[in-house]
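Quick notes on the structure that follows.
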Amino acid sequence: MKPQKTRVRFAPSPTGLLHVGNARTALYNWLFARHTGGQFLLRIEDTDLDRSEAKHEAQLMEDLRWLGLEWDEGPGVEGPHAPYRQSERLGIYREHTERLLAARKAYRCFCSNEELEAERARAAAEHRPQVYSGRCRALSAEESAERAALGEPFAVRLRIPDHPLRFHDMVRGEVEFAQETVSDPILVRSSGVPVYNYVVTVDDALMEITHVIRGDDHLSNTPKQVAIYEAFGWKVPEFAHLSTILGSDRERLSKRHGATSIASFREMGILPEALVNYLALLGWGAEGGTRETFTQDELTREFKLERVTASPAVFDWAKLHWLNRHYLKQAEPARLAELAWAYFEQAGRLRRQDKASAEMLAWMESLIAVFLPSLDQLNQLPEKAAFIFQFDPEAARADEENAMVLGSATSEKVLAAFASRVGGAASGGVTPEQFKAWMNEIKAETGAKGKDLFHPVRIALTGAHSGPEFDKLIPVIETGSKLDLPAHVLSLRERVEMFLRE
RNA sequence: GGCGCCAGGGUGUAACUGGUUAACACGCCGCCCUCUCAAGGCGGAGAGUUCGGGUUCGAUCCCCGAUGGCGCUACCA
C-alpha cells in the first residue's frame, strides 16, 4: 500500500493578531507537512462575520510569511479545494446539511433557549452530564417537516451514535468518550448560520486533511467532530492536540502577560529565525536532546509529531532572548543595518533617504557591531547607542559614581594629558592605534593605570564609566562625526573639549 | 456538577520497547579574560521525576486512586 500524502491545515479566525500559541500551531503544522513531504493549507475561519475583519486576515498572512510558513493552498495561492474562506463556502455547508437531514443522521430541533436552559439546570442538579435530552430526536419526519414549513424556527442537531466515540491522537494516544457524555451537537443555528465544529469538520474532510493538528482546547470537541465524520461516512483523520502555552504565572498566555502577538515580536526586533526556533522548542525536543539551535531546514528534518509533549509549556523570555542574541550574531551585517535603520529613524537619529548612502550603511553596520554583544532585541539599539548621538557632559558629571572617579587626584592629570593629545590630532580623526599609543604614554606620564587611567577618559568620551571596547567604539564616533546626520555626532576632540569646559 | 487532558530542578526539554550518579540548554552563582559593561572560556548550585497504592527482581516510564492545574460542557471560535 502506498502511503497517503499528508495534508494539514492551519485554520485561524481573523478576529485579531496572530499570537504565539497559534503561531506555534501553524509552525508544527508546517513542519509536519514539510517533514513528511505533504501539503500545508491555510483556511480562514470567518464564519463569525461580526468579529472577522479583512485587515486581520491580511496581517495574519503577512505574519505567517514573515515566519517563513508558506502555504501550498489557501487564500492568495488558491488550489483545487477553493474557496479557502469559510464565509465563501456557506452553500457547501447547506448542501451537506440537507444530506444529513435526508439521511436522518441529523434532525430539526425546535426547543427554545429557555427549555434547553431548564434542561441543563436539571441535569446539573442531578449531577448528570449536561447533555441535550434528545426530545426532538423522536419527532417524526412528517411533523418535523410540517413545523418547519409553518415557519417555526429550528436548529439542526446531529444524532450522536450509540457507541463510544474514539479517535487517535498523535500526542495523547487513544482517546475515548462515552456517547452518553456527549450532547447531540447543534450543526446549524436557528438563524441558518452553521456552527464552527460543523464547518471545520466538513472543510477538513472535503479538503482531504489527513492530520488535524491544533490546540488542545479542541480536544473535548473532537468526539462531536468524529461523529460528524461518521455520519457522512468519511474517514476520520489523525489528530494531534497541542498543549497550551502558559505565562510565567502558569496561566494561559494572553495579552495580560504583555506582548504576545507575532507582529509585536517583529516590531521589537526579534528575528523570525529566533522565534521559529524558540517556538519549535516550546513543546518539542529533538532526539538526543543535546541541541538547542536549529535552522528551519534542520527543524524540518528533525521534527516528529510523535515527539511533541502533551504537558503545557511556560513561555520564557530569557530563552527567546538567548536565541535571538544567537541569531543576531549570525545575521548578515547588511540585513541588521536595514532592520535597525527603522528604530533609529523612529528615534530621530537617522533619515530615511540616507539609507541609500553606502557610506551611511557601512557606518551603521560598524555601529551595530559595537552594541551587538549586549543586545536582546534590535529595538534596544537606539537607547544603547544614545551617547553616540547625544553627549551630555553635565549629566555625566552629575552621576554619583562618575563623580567619584573624576574626584581622584590622577583623573584630572589624565584628562589634561588626553585633551592635549586629542587637541593636536590630525584632522583625519583619531584611530584606535593612536588612541592606544596615547593611553600608554599617559600611563607612563601620570602613573595612572587600569581603571584610574581608562575610566576618566571613558566618562569624558561617553558619559559613562562602562561601555563597549574602545577599539570598536572610536572608529564609529570619529566616522560618525564626519557624516551628515540629523544631529551632528561629536568627535572625540569635541567631546573632550566640551567635557572640560563644563 | 459532568467529561476529558496534563503533572520531572525557576524555565524548556533528554532519558531506546521499565535497569543511568536523572542528561542538555536557558536562567542563576563563581572563576578566567578585561579599563568597564557585555560577549567568550571554564566551573558550581539546583529535580530523585505531585502524593498514595499496585504490577515487577527492578519503575520517571505500566495500572488504579487521590490532589492540583487546565480545557470542554453554548444556537462562541
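Below, read A as the first sequence line, B as the second, and so on, with proteins coming before strands; counting in each chain starts at 1.
The side chain of A:V195 lies closest to B:A77 when the candidates are B:U36, B:A77, B:C26. The side chain of A:L219 has B:C5 as its nearest neighbour among B:G12, B:C5, B:C76. The side chain of A:A313 approaches B:G12 more closely than any other nucleotide in the set B:C26, B:G12, B:A77. Among the nucleotides B:A77, B:G1, B:G71, the one closest to the side chain of A:N221 is B:A77. Side chain of A:K451, nearest nucleotide from B:U36, B:G4, B:C75: B:U36. Among the nucleotides B:U36, B:G12, B:C70, the one closest to any side-chain atom of A:E469 is B:U36. Residue A:Q130 places its side chain closer to B:G1 than to any other of B:G1, B:C35, B:A25. Of all nucleotides listed (B:C35, B:A7, B:G4), B:C35 comes nearest to the side chain of A:F454.
Among the atoms of the strands shown, only primed sugar atoms or phosphate atoms (P, OP1, OP2) are found under 4.0 Å from some heavy atom of A:R252. Within 4.0 Å of A:Y196, counting heavy atoms only, lies at least one base atom of the nucleic acid. Looking at heavy-atom distances under 4.0 Å, A:E126 makes no contact with the nucleic acid at all. Within 4.0 Å of A:G215, counting heavy atoms only, lies no atom of the nucleic acid at all. A:G450 comes within 4.0 angstrom of the backbone, heavy atoms only, and of no base. Base contact: A:G289 has a heavy atom under 4.0 Å from a base atom. Using a 4.0 Å heavy-atom cutoff across all strands shown, A:F470 reaches at least one base atom of the nucleic acid. Nucleic acid contact for A:S374: sugar-phosphate only, since backbone atoms but no base atoms lie under 4.0 Å from a heavy atom of the residue. Among the protein residues, A:H218 comes within range of the nucleic acid bases, having at least one heavy atom under 4.0 Å from a base atom. Using a 4.0 Å heavy-atom criterion, one finds that A:H127 contacts the sugar-phosphate atoms exclusively.
A residue-by-residue look at A:F177 and A:R157 shows that A:F177 has its nearest nucleotide of RNA chain B further toward the 5' end. Residues A:T244 and A:V171 both approach RNA chain B. Their nearest nucleotides, taken by heavy-atom distance, put A:V171 toward the 5′ side.
Put simply, the side chain of A:E292 and the base of B:G12 share a donor and an acceptor less than 3.5 Å apart. Judged by distance alone, with hydrogens and angles left aside, A:T181 brings no side-chain donor or acceptor close enough to the base of B:G2 to form a pair under 3.5 Å. Residue A:R172 places no side-chain atom within donor-acceptor reach of the base of B:C5, judged by atom type and a 3.5 Å distance cut-off alone. Checked by distance alone, A:S190 brings a side-chain donor or acceptor within 3.5 Å of a matching partner on the base of B:C75. For B:A38, the base has no donor-acceptor partner in the side chain of A:D376 [N/O atoms by modelled type, under 3.5 angstrom].
One finds a side-chain N or O of A:R120 lying less than 4.0 angstrom from the OP1 or OP2 phosphate oxygen of B:A74. Applying the 4.0 Å criterion to OP1 and OP2 of B:U11, one finds that A:R250 has a side-chain N or O inside that range. Using a 4.0 Å cut-off, some side-chain N or O of A:T309 falls inside it from OP1 or OP2 of B:U13. Contact between the side-chain N/O atoms of A:R307 and the OP1/OP2 oxygens of B:A14 is found at a separation under 4.0 Å. Contact between the side-chain N/O atoms of A:K329 and the OP1/OP2 oxygens of B:G40 is found at a separation under 4.0 Å. Residue A:R214 has no polar side-chain atom (N or O) positioned under 4.0 Å from OP1 or OP2 of B:C72. In this structure, A:R325 reaches the B:G27 phosphate: one of its side-chain N or O atoms is under 4.0 Å from OP1 or OP2.
Remark: B:C42 base-pairs with B:G30. Criterion, Watson-Crick or G-U wobble with two distances under 3.5 Å. Applying the Watson-Crick and G-U wobble criteria (two distances, each under 3.5 Å), B:U20 pairs with nothing in any strand. As the counterpart of B:G8, no nucleotide is assigned, since no Watson-Crick or G-U wobble pattern has both distances under 3.5 Å.
For A:F435 and A:F470, the ring centers sit closer than 6.0 Å to each other. Checked against the 6.0 Å centroid threshold, A:F315 and A:H257 do not count as a close aromatic pair.
As a whole-Å value, the separation of A:E302 CD from B:U13 C1' is 14 Å. Distance, A:R108 CZ to B:C75 C1': 16 Å, rounded to whole Å. For the pair A:R166 CZ and B:C3 P, the computed distance is 18 Å after rounding to whole Å. Rounded to a whole Å, the CD1 atom of A:I160 is 16 Å from the C1' atom of B:G2. The distance between atom CG of A:L372 and atom P of B:C37, rounded to the nearest whole Å, is 19 Å. Taking atom CG of A:L282 as the reference point, atom P of B:A25 lies 19 Å away to the nearest angstrom. Atom P of nucleotide B:A38 and atom CG of A:L328 are separated by 18 Å, given to the nearest angstrom. A:K384 places its NZ atom 12 Å from the C1' atom of B:A39, with the value rounded to the nearest Å.
Annotation: B:U11 and B:C3 have their C1' atoms spaced 31 Å apart (nearest Å). Across B:G1 and B:G58, the matching P atoms stand 38 Å from one another, rounded to whole Å. Taking the P atoms as reference points, B:A74 lies 15 Å from B:G2, given to the whole Å. The C1' atoms of B:C42 and B:A59 are separated by 37 Å, rounded to the nearest whole Å. When the C1' atom is compared between B:C32 and B:C24, the two are found 24 Å apart, to the nearest whole Å. Taking the P atom of each, B:C31 and B:U21 are spaced 33 Å apart, rounded to whole Å. B:U49 sits 13 Å from B:A23 when the C1' atoms are compared, rounded to a whole Å. Between the C1' atoms of B:C61 and B:U50, the separation comes to 16 Å (whole Å).
Stacking between A:W322 and B:C26 is absent: the aromatic ring centre is not both under 5.5 angstrom from the base six-membered ring centre and within 30 degrees in plane angle.
In this structure, A:R495 forms a cation-pi arrangement with A:F391, its terminal cationic atom sitting closer than 6.0 Å to the ring centre and no more than 45° off the ring axis.
Anti is the classification of B:G41, since its glycosidic angle lies more than 90° from 0.
Between A:P312 and A:L246 the shortest side-chain heavy-atom distance falls below 4.5 Å.
Between A:P237 and A:V212, the shortest heavy-atom contact is CG-CG2, 3.9 Å.
Salt bridge absent: A:E114 and A:R120 never bring a charged side-chain N and a carboxylate O closer than 4.0 Å. Contact check on A:R85 versus A:E88 returns a salt bridge, with a Lys/Arg side-chain nitrogen under 4.0 Å from an Asp/Glu carboxylate oxygen. A salt bridge does not link A:K55 with A:E57: none of the charged nitrogens is closer than 4.0 Å to a carboxylate oxygen.
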Steps toward side-chain contact (heavy atoms from CB on, under 4.5 Å) verdict (A:L336, A:L378): CA-CA 8 Å; A:L336 294 181; A:L378 275 176; 4.2 Å; yes
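Under a 3.5 Å cut-off, the side chain of A:H35 and the backbone N or O of A:T300 do form a donor-acceptor pair.
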